[in-house]
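Quick note: residue numbers are just sequence positions, from 1. Worth knowing before you read on, the calculation uses all heavy atoms, side chains too, and leaves out hydrogens, waters and symmetry mates. Both counts, for ligands and for their atoms, begin at 1 and track the order of listing.
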Amino acid sequence: MGRGVIIFCVKNFAVWLLIITSAVSIQAWIPLPLSATVKARIDSTTLFFSRYKTPLYHGGNEESYGPPAPAVDSRYYTYVEAPVQSSRSRDTKQPITLSRFLSDAVKENAELRDLESLFMGIQMACKTIASLVNRAGLVYSITEDIRDDITDGRFYSMKRLDHLSTVVLKNALKYTGKCEVLAPKSRLDNESPAQHQPGVLIAKSMDSNYVACLDPLDGSGNADASICTGTVFGVFEKETSTGISLWKKSREDRDRELVDSVLQPGKNMRAAGYCLYSSATVLVFTLGESVQGFTLDPQMQEFVLTHPDLTIPKRGSVYSCNEANSEGWDDAYNSYLRNLKTGKGETGKRYAHRYVGSMVGDIHRTLLYGGIFAYPADRLEHPDGNLQLLYKAAPMAYIVHTAGGKAIDGRSGSLLEVRPDRVHQKSPCFIGSYDDVSEWESYLSDNEGIYYKKGRD
Ligand SMILES: O=P(O)(O)OC[C@H]1O[C@](O)(COP(=O)(O)O)[C@@H](O)[C@@H]1O
């Protein structure tokens with residue numbers, strides 16, 4: 001009796017499974033007029049199968065997040081295989097990944113070969129930092145300051161996320177086996193603890209003259225509120241090479257030489273980029289000729305080309321700065337903004353104000369939509385603005401300039417001409433659409449003020 005029952009149940013289940021499977025496949029292509037109950041049964045079956053086909057969470061343990069999100073019914077969206085910009089052709093060519101883009105670039109220009117390994121390290125780090133940022137607060141407390149060991153004995157508070165990002169970036173660069181990485185210590189800069197960013201890294205390629213300066217997590221203070229943050233980097237060629245390996249010198253000499261090698265004006269950069277951690281993770285970089293944007297596909301865990309040959313609009317309609325400092329701003333800048341707000345500027349239209357308080361997010365929006373981002377100097381507490389030149393303002397200025405925009409410091413003309421004397425030196429910066437920055441530049445005069453026209457001693 002028992003054996004017969006088992007055979008009957010198995011046969012029955014097999015028939016049921018066959019009916020459901022064929023209904024699911026037919027239903028996916030030809031929406032049949034099925035009753036709600038049968039449709040619900042089909043959807044739950046689809047979900048059952050999809051659960052094991054495409055893991056819905058990366059890095060996290062599914063059980064810890066509760067049941068998986070319902071699979072989006074593929075009949076309600078069209079997933080374009082090719083990057084968005086070429087969706088006009090609606091072709092389904094394979095997405096161009098960052099790895100492939102870089103290997104193609106190296107085939108065309110062999111001297112970029114050493115940059116490729118640097119970028120592979122940065123790419124790996126950005127994927128990990130994106131995961132850390134997205135899970136911050138879930139798996140560890142980020143608001144807790146921690147005592148950081150990257151100091152000369154003095155205490156600098158760092159957010160845990162800052163520290164984790166620095167460690168991830170340092171290890172990823174070392175993992176390439178082609179980079180020597182240093183976290184410049186304050187004793188190499190006469191900076192006060194408040195101004196020193198212990199997380200900043202300097203990496204030297206072992207096989208070439210490339211040196212990079214990297215800010216692992218710009219705007220980390222915003223992470224507690226889940227506001228966008230970013231990684232920023234700029235790559236130079238060493239101006240003079242002693243030919244002797246850094247490691248044959250004393251620690252002090254090595255550090256000094258590595259620090260000196262990045263103290264160059266932004267115009268000397270060979271590459272620059274940022275990774276924005278927001279509703280999407282977007283890696284934007286330039287190798288000097290054009291600006292390319294890649295978006296991280298969370299399922300493939302690959303950066304896919306989504307913004308080929310990015311150019312900034314010649315003119316925008318948004319200004320971005322922290323107006324809380326306006327009482328300390330120069331009269332010239334305040335009258336420029338007053339005209340933008342009242343429609344008395346060159347366009348005759350009123351501008352909007354947008355300020356996230358996270359430089360990477362504010363400049364990424366400016367790059368895509370146009371306008372002007374600024375961190376001016378003020379007489380209140382930022383005599384040189386609040387952004388470090390070497391590893392924040394200059395790489396962003398280089399990217400925007402390469403995309404057809406403009407960047408000035410309001411004192412000596414182009415921001416890319418300014419050579420920093422110290423790693424953590426700050427500079428006023430005005431970065432954005434060519435016509436918008438030129439309009440602000442026309443307000444500069446020879447009057448005594450925080451800014452003046454280029455050429456004054
Ligand atoms: O709060 P403020 O003075 O407007 O400064 C905001 C600026 O400071 C930053 O958050 C930099 O902060 P970090 O020094 O912590 O990286 C930028 O991202 C942002 O543009």
Side-chain angles (χ1 to χ4, degrees), residues 129 132-133 136 142-143 145-146 148 150 156-166 169 183-184 186 189 191-201 213-234 273-278 282 284 318-329 333 337 353-367 371-397 399-400 407 409 415 420 422-432:
I129 295 172
L132 287 172
V133 168
I142 51 174
T143 49
D145 277 352
I146 55 170
D148 182 31
I150 316 175
Y156 299 107
S157 74
M158 275 179 84
K159 299 281 182 203
R160 180 178 299 282
L161 199 53
D162 250 328
H163 187 64
L164 286 173
S165 305
T166 300
L169 190 53
S186 63
D189 276 327
E191 296 286 3
S192 67
Q195 284 187 301
H196 183 256
Q197 299 237 353
V200 168
L201 297 173
C213 196
L214 309 105
D215 182 6
L217 200 65
D218 167 77
S220 55
N222 294 310
D224 308 20
S226 302
I227 292 170
C228 60
T229 52
T231 297
V232 184
F233 59 93
Y274 62 81
C275 190
L276 172 69
Y277 309 113
S278 183
V282 187
V284 174
V318 175
Y319 72 93
S320 181
C321 52
N322 182 350
E323 295 237 24
N325 301 324
S326 61
E327 288 306 310
W329 284 340
Y333 188 64
L337 287 189
H353 177 234
R354 295 286 181 274
Y355 190 68
V356 177
S358 192
M359 175 194 67
V360 175
D362 280 319
I363 292 187
H364 185 67
R365 181 203 57 247
T366 305
L367 181 63
I372 181 169
F373 169 84
Y375 207 107
D378 64 62
R379 295 184 181 86
L380 301 174
E381 56 179 288
H382 308 104
D384 294 314
N386 192 29
L387 298 177
Q388 289 81 0
L389 173 62
L390 177 62
Y391 50 84
K392 291 182 190 282
M396 302 309 265
I399 293 165
V400 171
D409 66 349
L415 195 64
R422 287 167 290 116
V423 169
H424 306 290
Q425 174 181 322
K426 295 186 177 182
S427 167
C429 59
F430 305 87
I431 303 171

With respect to [X], determine whether any N or O atom, backbone or side chain, lies less than 3.5 Å from an N or O atom of ligand 1.
{"X": "M359", "value": "yes"}
{"X": "N386", "value": "yes"}
{"X": "D218", "value": "yes"}
{"X": "K392", "value": "yes"}
{"X": "Y355", "value": "yes"}
{"X": "V360", "value": "no"}

(message) Which residues pass the side chain to side chain donor-acceptor pair (under 3.5 Å) test with T366, not counting sequence neighbours?
(response) none
(request) Can you sort out the partners of N222 under side chain to side chain donor-acceptor pair (under 3.5 Å), two or more places apart, ordered by chain and number? (result) none
(request) Indicate the ring-plane relationship of H353 and Y355, choosing parallel, tilted or perpendicular according to the 30° and 60° boundaries. (result) parallel
(request) Can you label the angle between the Y375 ring and the H382 ring as parallel, tilted or perpendicular, going by 30° and 60°? (result) perpendicular
(request) With atom 10 (O) of ligand 1 as the reference point, say which of G221, G357, S220 has the nearest heavy atom. (result) G357
(message) Tell me whether ligand 1 is touched by Q388 - counting only heavy atoms on the residue side and a distance under 4.0 Å.
(response) no
(request) Check each atom of ligand 1 against the heavy atoms of Y375 and keep those under 4.0 Å away; list them by number with element. (result) 2 (P), 3 (O), 4 (O), 5 (O)
(request) Give the numbers and elements of all ligand 1 atoms closer than 4.0 Å to a heavy atom of N322. (result) 2 (P), 3 (O), 4 (O)
(request) Take D409 and S427 through the test side chain to side chain donor-acceptor pair (under 3.5 Å) and record every step on the way to the result. (result) CA-CA 7 Å; D409 66 349; S427 167; 4.6 Å; no
(request) Might you point out which heavy atoms bring A397 and L415 nearest each other, and give the distance in Å? (result) CB-CD2, 3.7 Å
(message) Are Y277 and T231 packed together at the side-chain level, in the sense that at least one heavy-atom pair is separated by less than 4.5 angstrom?
(response) yes
